Amino acid sequence: MDTQPKGRVVLVTGASQGIGRAIALRLARDGAKVGLVDLKEEKLAEVKKEVEALGASATSFVADVSKRDEVFAAVHQVERELGGFHAIVNNAGVAQVKPLADVLPEDMDRIFRVNADSVVWAFKPLRPSSRLGASKVRSSTHPPPLATKACQYASAGITVNAYCPGIVGTDMWVEIDERFSQLTGAPKGETYRKYVGV
Ligand SMILES: NC(=O)c1ccc[n+]([C@@H]2O[C@H](COP(=O)([O-])OP(=O)(O)OC[C@H]3O[C@@H](n4cnc5c(N)ncnc54)[C@H](O)[C@@H]3O)[C@@H](O)[C@H]2O)c1
């Protein structure tokens, strides 16, 4: 099948800011119709305007990607309003900087629900001939079997890709940097600079 974004309907989760926003804008420039999902309603509305300003059709949906029915509802809105559903970029995610000894059951539950469960809920509405973008499966946040399960979709003509962004200077990293400063006493910005090598 043609795998170019032009004319395709792509849903991007975590689209209100950072990497998700950048992906949404790039898809719009490349001619896709873009569905936008996030918890942050106001920022999401701004990104929708930015996508439309590039001449692309867009729809936005406030949803918590860890909740199956909210993901399904977002997909249905995208299909209804943009006339199809060809791909999803499972970008929404959360990070946590905490010493291992202090990690609580509720931390594990939150991280797995947002970073791992959400990918499973996004798989379910996909049909043959869809193209699926899954965020990079990392051992820290995703159970390895999840990656192998993605292979089940190959026979249905669904492609699963992974992206691995490395360190990107988004709001997520502002928080990570601040947390490292609290834990280690490092000056603000130093941890980020150390990891990106500048
Ligand atoms: N920034 C980096 O260096 C980096 C590195 C590796 C991986 N990643 C991953 O890339 C993705 C995007 O990262 P970012 O830096 O743009 O992060 P970010 O925190 O700036 O943006 C994440 C977006 O996801 C949304 N989100 C979080 N939980 C959600 C939920 N339950 N339901 C719906 N939306 C939710 C947030 O509201 C936010 O708009 C994340 O999955 C992150 O783990 C980022």
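As the structure is a prediction and not an experimental result, all values here were calculated from the model. Only heavy atoms go into these numbers, but all of them, side chains included; no hydrogens, no water, no symmetry mates. Start at 1 and go down the list; that is how both ligands and their atoms are numbered.
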Pair E46 + K43, salt bridge at N-O below 4.0 Å: no
Within one Ile-Leu-Val-Met-Phe-Trp-Tyr cluster: L25 and V168, side-chain cutoff 4.5 Å: yes
Pair T170, Q17: side-chain N/O donor-acceptor within cut-off below 3.5 Å: no
Could you tell me which atoms of ligand 1, counted from 1 in the order shown, lie closer than 4.0 angstrom to a heavy atom of I167? 3 (O)
Do you know which of V71, I88, L39 makes side chain to side chain contact (heavy atoms under 4.5 Å, CB included) with T13? I88
Any side-chain hydrogen bond (donor to acceptor under 3.5 Å, both in side chains) pairs touching residues 95-105, not counting sequence neighbours? K98-D107
Separation of F85 CZ from H76 NE2 (nearest 0.5 Å): 9.5 Å
For atom 42 (C) of ligand 1, which candidate among R110, M172, Q17, E70 provides the closest heavy atom? M172
Who's closest to atom 30 (C) of ligand 1 heavy-atom-wise, of L39, V71, V12? L39
Mind checking whether V37 has an N or O less than 3.5 Å away from an N or O of ligand 1? no
Is there any N or O on T170 that sits under 3.5 Å from an N or O of ligand 1? yes
Ligand 1 atoms in contact with D64 (distance to a heavy atom under 4.0 Å): 30 (C), 31 (N), 32 (N)
Side chains of R179 and Q182 only: does a donor on one sit below 3.5 Å from an acceptor on the other? yes
Between ligand 1 and N91, can you find any atom pair, the residue atom being a heavy atom, that is separated by under 4.0 Å? yes
Where's the contact between K40 and ligand 1, heavy-atom distance under 4.0 Å: side chain, backbone, both or neither? side chain
Candidate with minimal heavy-atom separation from atom 25 (C) of ligand 1, of V114, D38, N115: D38
Hits for ring-ring contact (aromatic ring centres under 6.0 Å, His included) against W173, two or more places apart or cross-chain, chain-then-number order -> Y192, Y195
Going by the order shown, which atoms of ligand 1 are within less than 4.0 Å of some heavy atom of G14? 23 (C), 24 (O), 25 (C)
State the atoms of ligand 1, each with its element, that fall below the 4.0 Å cut-off from a heavy-atom position in S16. 39 (O)
Distance filter under 4.0 Å to G18 heavy atoms, resulting ligand 1 atoms: 16 (O)
Non-hydrogen atoms of G166 versus ligand 1: any pair closer than 4.0 Å? yes
Please work out, at 4.0 Å between heavy atoms, whether the side chain, the backbone, both, or neither of P165 comes within that distance of ligand 1. side chain
So, 4.0 Å and heavy atoms of A63: is ligand 1 close enough to count as a contact? yes
Could K33 and E81 be called an ion pair, given the rule that one side-chain N must be under 4.0 Å from one carboxylate O? no
Counting from 1 in the order shown, the ligand 1 atoms closer than 4.0 Å to a non-hydrogen atom of W173 are 1 (N), 2 (C), 3 (O)
Are L54 and L27 linked, directly or through other ILVMFWY residues, by side chains that come within less than 4.5 angstrom of each other? yes
